[in-house]
Amino acid sequence: MAKKVTFKRVIKQGWLSFRRNGWLSTATILVMMLTLFVIGGLLLTSVIANTILNDLENKIDISVSFKLATPEAQILAARREIEALRQVKEVNYVSPEDALASFKEKHKDDPTVLASLEELGQENPLPATLNIKALDPSDFSQIAEFLNAKKYPGVEKVNYFENQKVIDRLSSVIRGVRRAGIAVALVLGFVAVLVAFNTVRLAIYTAREEINIMKLVGATNWYIRGPFMIEGLLHGSIAAILTSVLFLPLVWLTSSKISLFLPNADLARYFAGNFFEFFLILFTIGVILGVGSSLVAVRRYLKI
């Protein structure tokens, strides 16, 4: 019973100290919110970035173009051999006739292109191709190496490497953005800890007479230090709650605009389905920042 009463008093004293340093507490919470906002933004940006990369990787295939004079039987024999590879999901054969029909359908509203085709008469300028899908995007490089080593006769071009350069470049940009975001979050985290540290330091200085009296009457170390830890906990938890709430309208407003460019990236649905995990991450980081900075300040300035 005595421990329960002591714990309640520690919480009450922590709340009173939090209110007593109103402006400093507000500044501490705002700085922590900025830090948590950057971290939350990084989490959501990672979702969008992964969606972009997955979408690109799913659309990529290896397109093997053959010279116009290559016999169809030779192309189909190459197809059967490629299909036997364990990394290959499927191989689609596109004949020159199918390629021409698809090209005409794609450019049916472009009279200049259609007129150019009519000038060729019965000649079909489009080659036969094999479009290769892999079981996993990481398998494409092995398939491409197999094709290069095999050197099928009649092969004019393998377009995988051009596509891979685009994906590698995009991946590099995304990694750069993530690293920059992490660097900003670390700097803001340091500032948040510094502000919280000085807030608790000032609280210790303001309550120095009360602390001396508690020492004289035999208060335990926990009873003296506890309120400052509770104050740090309040800073971090309130910042996490406010930041999570702030993301609700922001995600709702931006999700529809992002979907215009990325139909597969439904940010609002993802956020709604993972809000608890998102909040838990921010809350944990906020508590670590608040309690951690309070702990350092108490050990540094509160000599018991």
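Everything numeric in this text was worked out from a predicted model, so none of it was measured.
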Looking at [atom1] of [X] and [atom2] of [Y], how far apart are the two atoms once the value is rounded to the nearest 0.5 Å?
X	Y	atom1	atom2	value
Leu85	Phe146	CG	CZ	4.5 Å
Phe283	Phe276	CZ	CZ	10.5 Å
Thr26	Met33	OG1	CE	11.0 Å
Leu68	Glu156	CG	CD	7.0 Å
Asp98	Asn92	CG	CG	11.0 Å
Ile39	Leu289	CD1	CG	6.5 Å

Quiz item: Do the rings of Phe275 and Phe279 sit parallel, tilted or perpendicular, given the 30° and 60° boundaries?
Solution: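 Ring orientation, 0 to 90° scale: parallel.
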Practice problem: Take Ile285 and Leu36 through the side chain to side chain contact (heavy atoms under 4.5 Å, CB included) test and state the conclusion after the steps. | Solution: CA-CA 8 Å; Ile285 295 173; Leu36 295 176; 3.7 Å; yes
Quiz item: Got a donor-acceptor contact below 3.5 angstrom from the Asn274 side chain to the Tyr270 backbone?
Solution: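 Pair found, side chain donor or acceptor close to backbone of Tyr270.
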I need the minimum non-hydrogen distance between [X] and [Y], along with the two atoms involved.
X	Y	result
Ala134	Ile143	CB-CD1, 3.8 Å
Gly40	Leu282	N-CD2, 4.0 Å
Ser65	Thr129	OG-CG2, 3.6 Å
His235	Ile29	O-CG1, 3.9 Å

Quiz item: Are side-chain heavy atoms of Gln74 and Pro153 found at a separation under 4.5 Å?
Solution: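 They are in side-chain contact.
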Quiz item: Please, which pairs that meet salt bridge (charged side-chain N to carboxylate O under 4.0 Å, His left out) have at least one residue in residues 81-96, sequence neighbours excluded?
Solution: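 Those involving residues 81-96 are Arg79-Glu83, Glu81-Lys150.
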Practice problem: Check the pair Ile82 / Leu130 against side chain to side chain contact (heavy atoms under 4.5 Å, CB included), numbers first and verdict last. | Solution: CA-CA 10 Å; Ile82 295 169; Leu130 292 177; 4.2 Å; yes
Same cluster for [X] and [Y] if Ile/Leu/Val/Met/Phe/Trp/Tyr side chains link at under 4.5 Å?
X	Y	result
Ile288	Val31	no
Leu76	Ile62	yes
Ile238	Leu30	yes
Phe37	Ile241	yes

Self-check item: Audit row: Tyr93, Ile75, side chain to side chain contact (heavy atoms under 4.5 Å, CB included) steps and yes/no
Solution: CA-CA 8 Å; Tyr93 169 60; Ile75 298 173; 3.7 Å; yes
Exercise. Evaluate the side chain to side chain contact (heavy atoms under 4.5 Å, CB included) criterion for residues Ile132 and Leu147: first the C-alpha distance (whole Å), next the side-chain angles of each, then the deciding distance (0.1 Å), finally the verdict.
Key: CA-CA 11 Å; Ile132 306 167; Leu147 294 172; 4.0 Å; yes
Please tabulate, one pair per line, all N/O donor-acceptor pairs under 3.5 Å involving side-chain atoms of residues 243-253, not counting sequence neighbours.
residue : atom : partner : partner atom : Å
Thr243  : OG1  : Ala239  : O            : 2.6
Ser244  : OG   : Ala240  : O            : 2.9

